[in-house]
Amino acid sequence: MLRWLILPLLVIPLSWVLLTGFSVNPNEVPSALIGKPMPSFSLQTLSGETLDSADLAGRPVMVNFWASWCGPCVTEHPLLLDAQRRYGDRLAIVGVIYQDSTDAARAFLDKHGDGGYPDAVDEGSRLALDFGVTGPPETYFIDSSGVVRAKQFGPLDAPALQTKLAMIGVSE
Amino acid sequence: MRALLLPVSVAALLALGALALFTALQPAVAPTRVEQAARLATELRCPDCAGLSVAQSTTSSAATIRAEINAQLAAGATPDEVRRHFVQRYGEWILLSPTSPIAWLLPIGLLLAACVGLAAWLLRWRSPAPAAAAPVAAAELRRVRDEAEALDA
(Lines give C-alpha, C1' and ligand atoms only; values in the text may rest on other atoms or scores of the structure.)
Protein backbone atom coordinates (compact mmCIF):
# COMPACT_ATOMS: atom_id res chain seq x y z
CA MET A 1 0.00 0.00 0.00
CA LEU A 2 2.77 2.39 1.07
CA ARG A 3 4.74 1.58 -2.06
CA TRP A 4 1.88 2.81 -4.25
CA LEU A 5 1.71 6.04 -2.28
CA ILE A 6 5.44 6.85 -2.49
CA LEU A 7 5.47 7.37 -6.25
CA PRO A 8 2.68 9.99 -6.43
CA LEU A 9 3.96 11.61 -3.22
CA LEU A 10 7.31 12.17 -4.92
CA VAL A 11 6.17 12.79 -8.48
CA ILE A 12 3.32 15.26 -7.88
CA PRO A 13 5.22 17.82 -5.77
CA LEU A 14 8.31 17.51 -7.98
CA SER A 15 6.26 18.10 -11.16
CA TRP A 16 4.59 21.08 -9.50
CA VAL A 17 7.97 22.59 -8.52
CA LEU A 18 9.36 22.07 -12.04
CA LEU A 19 6.25 23.39 -13.80
CA THR A 20 6.04 26.55 -11.71
CA GLY A 21 9.82 27.00 -11.78
CA PHE A 22 10.11 26.79 -15.56
CA SER A 23 7.13 29.06 -16.21
CA VAL A 24 8.76 32.11 -14.59
CA ASN A 25 11.62 34.22 -15.87
CA PRO A 26 14.42 33.72 -13.32
CA ASN A 27 15.80 37.18 -14.10
CA GLU A 28 12.53 38.91 -13.39
CA VAL A 29 12.40 40.56 -10.00
CA PRO A 30 8.87 41.01 -8.68
CA SER A 31 8.35 44.57 -7.50
CA ALA A 32 8.14 45.18 -3.78
CA LEU A 33 6.29 48.42 -4.54
CA ILE A 34 3.05 46.90 -5.84
CA GLY A 35 0.18 48.20 -3.68
CA LYS A 36 2.40 50.87 -2.14
CA PRO A 37 2.55 54.60 -2.86
CA MET A 38 4.83 55.74 -5.66
CA PRO A 39 8.15 57.11 -4.37
CA SER A 40 8.08 60.89 -4.42
CA PHE A 41 10.62 62.81 -6.49
CA SER A 42 11.60 66.18 -7.83
CA LEU A 43 13.89 65.97 -10.85
CA GLN A 44 15.16 68.13 -13.68
CA THR A 45 13.90 67.17 -17.12
CA LEU A 46 15.89 67.19 -20.37
CA SER A 47 14.17 70.47 -21.29
CA GLY A 48 15.38 72.06 -18.05
CA GLU A 49 12.10 72.14 -16.14
CA THR A 50 11.49 70.66 -12.71
CA LEU A 51 9.23 67.66 -12.57
CA ASP A 52 7.65 67.08 -9.18
CA SER A 53 5.75 63.90 -8.39
CA ALA A 54 3.15 66.02 -6.54
CA ASP A 55 2.25 67.62 -9.89
CA LEU A 56 1.17 64.20 -11.16
CA ALA A 57 -1.36 63.61 -8.37
CA GLY A 58 -4.87 62.68 -9.45
CA ARG A 59 -3.81 61.20 -12.79
CA PRO A 60 -2.72 57.68 -13.76
CA VAL A 61 1.04 57.69 -14.32
CA MET A 62 3.37 55.47 -16.32
CA VAL A 63 7.04 55.80 -15.30
CA ASN A 64 9.42 54.36 -17.89
CA PHE A 65 13.12 53.90 -17.07
CA TRP A 66 15.21 53.92 -20.25
CA ALA A 67 18.68 54.55 -21.65
CA SER A 68 20.10 55.28 -25.08
CA TRP A 69 22.48 52.33 -24.75
CA CYS A 70 19.64 49.89 -24.10
CA GLY A 71 18.60 47.90 -27.20
CA PRO A 72 15.13 46.82 -26.00
CA CYS A 73 14.34 50.50 -25.24
CA VAL A 74 14.55 51.18 -29.00
CA THR A 75 12.02 48.40 -29.70
CA GLU A 76 9.70 49.69 -27.02
CA HIS A 77 9.93 53.40 -27.89
CA PRO A 78 7.27 53.56 -30.70
CA LEU A 79 4.75 52.07 -28.29
CA LEU A 80 5.34 54.88 -25.80
CA LEU A 81 4.99 57.51 -28.53
CA ASP A 82 1.75 55.86 -29.63
CA ALA A 83 0.42 55.76 -26.04
CA GLN A 84 1.14 59.48 -25.65
CA ARG A 85 -0.79 60.22 -28.88
CA ARG A 86 -3.62 57.89 -28.02
CA TYR A 87 -4.28 58.72 -24.35
CA GLY A 88 -3.14 62.35 -24.23
CA ASP A 89 -3.99 64.01 -20.93
CA ARG A 90 -5.70 60.91 -19.54
CA LEU A 91 -2.28 59.38 -18.83
CA ALA A 92 0.88 61.05 -17.54
CA ILE A 93 3.93 59.41 -19.11
CA VAL A 94 7.26 60.08 -17.43
CA GLY A 95 10.53 58.91 -18.90
CA VAL A 96 13.44 58.52 -16.49
CA ILE A 97 16.91 58.39 -18.03
CA TYR A 98 18.81 55.53 -16.43
CA GLN A 99 22.60 55.77 -16.11
CA ASP A 100 23.09 57.75 -19.29
CA SER A 101 24.35 61.17 -20.33
CA THR A 102 21.86 63.88 -21.24
CA ASP A 103 23.56 64.31 -24.63
CA ALA A 104 23.14 60.63 -25.47
CA ALA A 105 19.51 60.73 -24.29
CA ARG A 106 18.77 63.79 -26.46
CA ALA A 107 20.39 62.10 -29.47
CA PHE A 108 18.21 59.04 -28.86
CA LEU A 109 15.04 61.18 -28.87
CA ASP A 110 16.17 63.05 -31.99
CA LYS A 111 16.68 59.75 -33.77
CA HIS A 112 13.71 57.74 -32.52
CA GLY A 113 11.17 60.50 -31.88
CA ASP A 114 10.24 62.68 -28.93
CA GLY A 115 6.77 61.99 -27.53
CA GLY A 116 6.59 65.37 -25.86
CA TYR A 117 6.27 63.89 -22.38
CA PRO A 118 8.93 64.79 -19.76
CA ASP A 119 12.17 62.82 -19.54
CA ALA A 120 13.73 63.22 -16.12
CA VAL A 121 17.46 63.13 -15.39
CA ASP A 122 18.10 60.79 -12.46
CA GLU A 123 21.46 61.82 -11.00
CA GLY A 124 23.17 58.91 -9.26
CA SER A 125 20.20 56.61 -10.03
CA ARG A 126 18.50 57.71 -6.82
CA LEU A 127 14.97 57.44 -8.18
CA ALA A 128 15.81 54.13 -9.87
CA LEU A 129 16.87 52.80 -6.44
CA ASP A 130 13.66 54.09 -4.85
CA PHE A 131 11.63 52.25 -7.50
CA GLY A 132 13.80 49.12 -7.20
CA VAL A 133 14.90 49.16 -10.83
CA THR A 134 17.28 46.38 -11.89
CA GLY A 135 17.91 47.52 -15.47
CA PRO A 136 16.18 49.31 -18.35
CA PRO A 137 13.65 49.16 -19.76
CA GLU A 138 11.38 48.92 -16.75
CA THR A 139 7.97 50.53 -16.50
CA TYR A 140 5.82 51.20 -13.45
CA PHE A 141 2.06 51.81 -13.59
CA ILE A 142 0.61 54.08 -10.92
CA ASP A 143 -3.12 54.68 -10.49
CA SER A 144 -4.74 58.10 -9.99
CA SER A 145 -4.53 57.73 -6.20
CA GLY A 146 -0.74 57.40 -6.45
CA VAL A 147 -0.49 53.66 -5.73
CA VAL A 148 1.84 51.45 -7.81
CA ARG A 149 -0.35 48.76 -9.42
CA ALA A 150 1.89 47.01 -11.94
CA LYS A 151 5.43 46.71 -13.22
CA GLN A 152 6.75 45.70 -16.61
CA PHE A 153 10.12 43.99 -16.49
CA GLY A 154 11.81 44.41 -19.86
CA PRO A 155 10.31 45.96 -22.99
CA LEU A 156 6.58 46.54 -23.26
CA ASP A 157 4.55 45.03 -26.05
CA ALA A 158 1.06 46.14 -27.09
CA PRO A 159 -0.92 43.49 -25.11
CA ALA A 160 1.16 44.02 -21.94
CA LEU A 161 0.74 47.79 -22.24
CA GLN A 162 -3.01 47.48 -22.67
CA THR A 163 -3.40 45.06 -19.73
CA LYS A 164 -1.29 47.13 -17.38
CA LEU A 165 -2.89 50.43 -18.37
CA ALA A 166 -6.30 48.86 -17.69
CA MET A 167 -5.02 48.07 -14.16
CA ILE A 168 -4.63 51.81 -13.52
CA GLY A 169 -7.96 52.68 -15.10
CA VAL A 170 -6.72 53.73 -18.55
CA SER A 171 -8.47 52.19 -21.55
CA GLU A 172 -9.45 53.16 -25.08
CA MET B 1 56.50 6.96 16.70
CA ARG B 2 53.09 5.41 17.16
CA ALA B 3 53.37 5.91 20.92
CA LEU B 4 53.53 9.64 20.34
CA LEU B 5 50.40 9.72 18.22
CA LEU B 6 47.90 9.65 21.10
CA PRO B 7 49.52 12.32 23.29
CA VAL B 8 50.08 14.59 20.28
CA SER B 9 46.45 14.20 19.16
CA VAL B 10 45.17 14.91 22.67
CA ALA B 11 47.43 17.97 22.94
CA ALA B 12 46.26 19.27 19.55
CA LEU B 13 42.61 18.81 20.56
CA LEU B 14 43.20 20.56 23.87
CA ALA B 15 44.93 23.45 22.09
CA LEU B 16 42.02 23.77 19.65
CA GLY B 17 39.52 23.69 22.51
CA ALA B 18 41.46 26.36 24.40
CA LEU B 19 41.59 28.54 21.28
CA ALA B 20 37.83 28.17 20.73
CA LEU B 21 37.17 29.02 24.40
CA PHE B 22 39.51 32.02 24.22
CA THR B 23 37.78 33.31 21.09
CA ALA B 24 34.33 32.79 22.60
CA LEU B 25 35.27 34.61 25.81
CA GLN B 26 36.82 37.60 24.01
CA PRO B 27 34.76 40.70 24.76
CA ALA B 28 32.72 41.59 21.65
CA VAL B 29 34.11 44.73 20.05
CA ALA B 30 31.42 46.87 18.46
CA PRO B 31 32.13 47.18 14.71
CA THR B 32 33.00 50.65 13.51
CA ARG B 33 30.73 52.45 11.03
CA VAL B 34 33.15 51.70 8.20
CA GLU B 35 33.08 47.99 9.12
CA GLN B 36 29.27 48.04 9.30
CA ALA B 37 29.07 49.73 5.89
CA ALA B 38 31.53 47.25 4.36
CA ARG B 39 29.58 44.33 5.78
CA LEU B 40 26.23 45.66 4.53
CA ALA B 41 27.74 46.17 1.06
CA THR B 42 28.71 42.49 0.95
CA GLU B 43 25.17 41.45 1.99
CA LEU B 44 23.29 43.49 -0.62
CA ARG B 45 22.95 42.40 -4.24
CA CYS B 46 24.03 44.81 -6.96
CA PRO B 47 20.72 45.53 -8.78
CA ASP B 48 22.11 45.62 -12.31
CA CYS B 49 24.80 42.92 -12.17
CA ALA B 50 24.69 39.14 -12.40
CA GLY B 51 25.23 37.69 -8.94
CA LEU B 52 27.58 40.34 -7.56
CA SER B 53 27.31 42.12 -4.26
CA VAL B 54 27.27 45.90 -4.00
CA ALA B 55 30.79 45.66 -2.53
CA GLN B 56 32.11 43.77 -5.57
CA SER B 57 30.46 45.84 -8.30
CA THR B 58 31.66 49.03 -9.97
CA THR B 59 28.32 50.04 -11.55
CA SER B 60 26.77 53.40 -10.78
CA SER B 61 23.82 51.75 -8.94
CA ALA B 62 26.23 49.89 -6.66
CA ALA B 63 28.13 53.11 -5.98
CA THR B 64 24.85 54.88 -5.16
CA ILE B 65 23.84 52.08 -2.78
CA ARG B 66 27.24 52.22 -1.05
CA ALA B 67 26.86 55.99 -0.66
CA GLU B 68 23.30 55.51 0.65
CA ILE B 69 24.51 52.92 3.20
CA ASN B 70 27.18 55.36 4.43
CA ALA B 71 24.73 58.26 4.56
CA GLN B 72 22.12 56.26 6.50
CA LEU B 73 24.65 54.87 9.00
CA ALA B 74 26.07 58.38 9.48
CA ALA B 75 22.53 59.64 10.14
CA GLY B 76 22.25 57.10 12.97
CA ALA B 77 20.39 54.22 11.28
CA THR B 78 21.18 50.70 12.50
CA PRO B 79 22.38 48.08 9.98
CA ASP B 80 18.94 46.42 10.29
CA GLU B 81 17.20 49.65 9.37
CA VAL B 82 19.48 50.07 6.34
CA ARG B 83 18.73 46.50 5.25
CA ARG B 84 15.00 47.14 5.66
CA HIS B 85 15.27 50.33 3.58
CA PHE B 86 16.48 48.33 0.57
CA VAL B 87 14.16 45.36 1.15
CA GLN B 88 11.18 47.77 1.06
CA ARG B 89 12.24 48.84 -2.45
CA TYR B 90 13.60 45.63 -3.97
CA GLY B 91 12.05 42.94 -1.80
CA GLU B 92 14.05 40.08 -0.25
CA TRP B 93 15.75 39.67 -3.64
CA ILE B 94 18.23 42.41 -2.73
CA LEU B 95 19.64 40.28 0.13
CA LEU B 96 22.25 37.78 -1.04
CA SER B 97 21.43 35.37 1.82
CA PRO B 98 17.79 34.36 2.31
CA THR B 99 16.27 35.30 5.66
CA SER B 100 13.57 32.61 5.65
CA PRO B 101 14.57 29.70 7.96
CA ILE B 102 12.89 27.30 5.48
CA ALA B 103 15.61 28.08 2.92
CA TRP B 104 18.24 26.79 5.37
CA LEU B 105 16.29 23.97 7.04
CA LEU B 106 14.73 22.38 3.94
CA PRO B 107 17.98 21.11 2.36
CA ILE B 108 19.19 19.75 5.72
CA GLY B 109 15.82 18.09 6.30
CA LEU B 110 15.86 16.53 2.83
CA LEU B 111 19.43 15.28 3.35
CA LEU B 112 18.51 13.71 6.69
CA ALA B 113 15.40 12.07 5.20
CA ALA B 114 17.51 10.70 2.34
CA CYS B 115 20.08 9.29 4.83
CA VAL B 116 17.34 7.63 6.89
CA GLY B 117 15.77 6.19 3.72
CA LEU B 118 19.11 4.88 2.48
CA ALA B 119 19.96 3.34 5.87
CA ALA B 120 16.57 1.61 6.03
CA TRP B 121 17.00 0.27 2.50
CA LEU B 122 20.54 -0.99 3.20
CA LEU B 123 19.44 -2.74 6.40
CA ARG B 124 16.60 -4.49 4.56
CA TRP B 125 18.93 -5.45 1.73
CA ARG B 126 21.50 -7.00 4.12
CA SER B 127 19.03 -9.18 6.07
CA PRO B 128 16.48 -10.62 3.69
CA ALA B 129 13.21 -11.56 5.33
CA PRO B 130 12.86 -15.33 5.87
CA ALA B 131 10.72 -16.93 3.25
CA ALA B 132 7.22 -17.47 4.58
CA ALA B 133 6.15 -21.10 4.87
CA ALA B 134 3.82 -22.03 2.09
CA PRO B 135 0.35 -22.88 3.38
CA VAL B 136 -0.31 -26.57 3.41
CA ALA B 137 -3.57 -27.75 2.07
CA ALA B 138 -5.76 -29.57 4.58
CA ALA B 139 -5.98 -32.63 2.33
CA GLU B 140 -2.20 -32.82 2.07
CA LEU B 141 -1.87 -32.52 5.85
CA ARG B 142 -4.38 -35.34 6.32
CA ARG B 143 -2.54 -37.55 3.81
CA VAL B 144 0.82 -37.04 5.61
CA ARG B 145 -0.78 -37.74 8.98
CA ASP B 146 -2.40 -40.92 7.63
CA GLU B 147 0.91 -42.10 6.21
CA ALA B 148 2.67 -41.40 9.51
CA GLU B 149 0.02 -43.31 11.40
CA ALA B 150 0.33 -46.17 8.91
CA LEU B 151 4.07 -46.29 9.51
CA ASP B 152 3.57 -46.28 13.28
CA ALA B 153 1.10 -49.09 13.07
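The analysis underlying the following values was restricted to heavy atoms, covering all of them including side chains, and did not include hydrogens, waters or symmetry mates. The sequence lines fix the lettering, A, B, ..., with proteins before strands; numbering per chain opens at 1.
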Engineer: If Ile, Leu, Val, Met, Phe, Trp and Tyr residues are connected whenever their side-chain heavy atoms lie under 4.5 Å apart, and connections chain through other members, are A:Val74 and A:Phe153 in the same group?
Structural biologist: no
Engineer: Tell me whether B:Thr64 contacts the main-chain N or O of A:Gly124 through its side chain, where contact means a donor paired with an acceptor under 3.5 Å.
Structural biologist: yes
Engineer: Are B:Val87 and B:Trp93 connected into the same hydrophobic cluster when the rule is that any two of I, L, V, M, F, W, Y join if their side-chain heavy atoms are below 4.5 Å apart?
Structural biologist: yes
Engineer: Decide yes or no on side-chain contact (heavy atoms from CB on, under 4.5 Å) for A:Thr134 and B:Asp48, but give the supporting numbers first.
Structural biologist: CA-CA 5 Å; A:Thr134 56; B:Asp48 48 6; 5.7 Å; no
Engineer: So does A:Val133 get a backbone contact from the side chain of B:Tyr90, meaning a donor-acceptor N/O pair under 3.5 Å?
Structural biologist: yes
Engineer: Under 6.0 Å from the CZ atom of A:Arg90, do we count more than 12 heavy atoms belonging to anything else shown?
Structural biologist: yes
Engineer: Quick check on B:Glu68 against chain A: is it the side chain, the backbone, both or neither that has a heavy atom closer than 4.5 Å?
Structural biologist: side chain
Engineer: Pick whichever of B:His85, B:Gln88, B:Arg45 has the most heavy-atom pairs under 4.5 Å with chain A.
Structural biologist: B:Gln88
Engineer: Could you have a look at B:Ala67, B:Gly91, B:Ser61 and say which one has the most heavy-atom pairs with chain A under 4.5 angstrom?
Structural biologist: B:Ser61
Engineer: For the residue pair B:Arg89 and A:Ala32, what are the closest heavy atoms and their distance?
Structural biologist: O-CB, 3.7 Å
Engineer: Can B:Phe86 be reached from B:Leu40 by stepping across I, L, V, M, F, W or Y side chains whose heavy atoms are under 4.5 Å apart?
Structural biologist: yes
Engineer: Report the residues that fulfil side-chain contact (heavy atoms from CB on, under 4.5 Å) with A:Glu49, sequence neighbours left out, ordered by chain and then residue number.
Structural biologist: A:Thr45, A:Ser47
Engineer: Give a yes or no on this: more than 12 heavy atoms of other residues, nucleotides or ligands lie within 6.0 Å of atom CH2 of B:Trp104.
Structural biologist: no
Engineer: Please classify the contact of B:Ile94 with chain A as side chain, backbone, both or neither, using a heavy-atom distance under 4.5 Å.
Structural biologist: neither
Engineer: Contact part of A:Tyr98 toward chain B, heavy-atom cut-off under 4.5 Å: side chain, backbone, both or neither?
Structural biologist: side chain
Engineer: Got a list of side-chain donor-acceptor pairs under 3.5 Å for residues 53-63 of chain A, not counting sequence neighbours?
Structural biologist:
| from | atom 1 | to | atom 2 | distance (Å) |
| --- | --- | --- | --- | --- |
| A:Ser53 | OG | A:Phe41 | N | 2.9 |
| A:Ser53 | OG | A:Phe41 | O | 3.3 |
| A:Arg59 | NH1 | A:Asp89 | O | 3.2 |

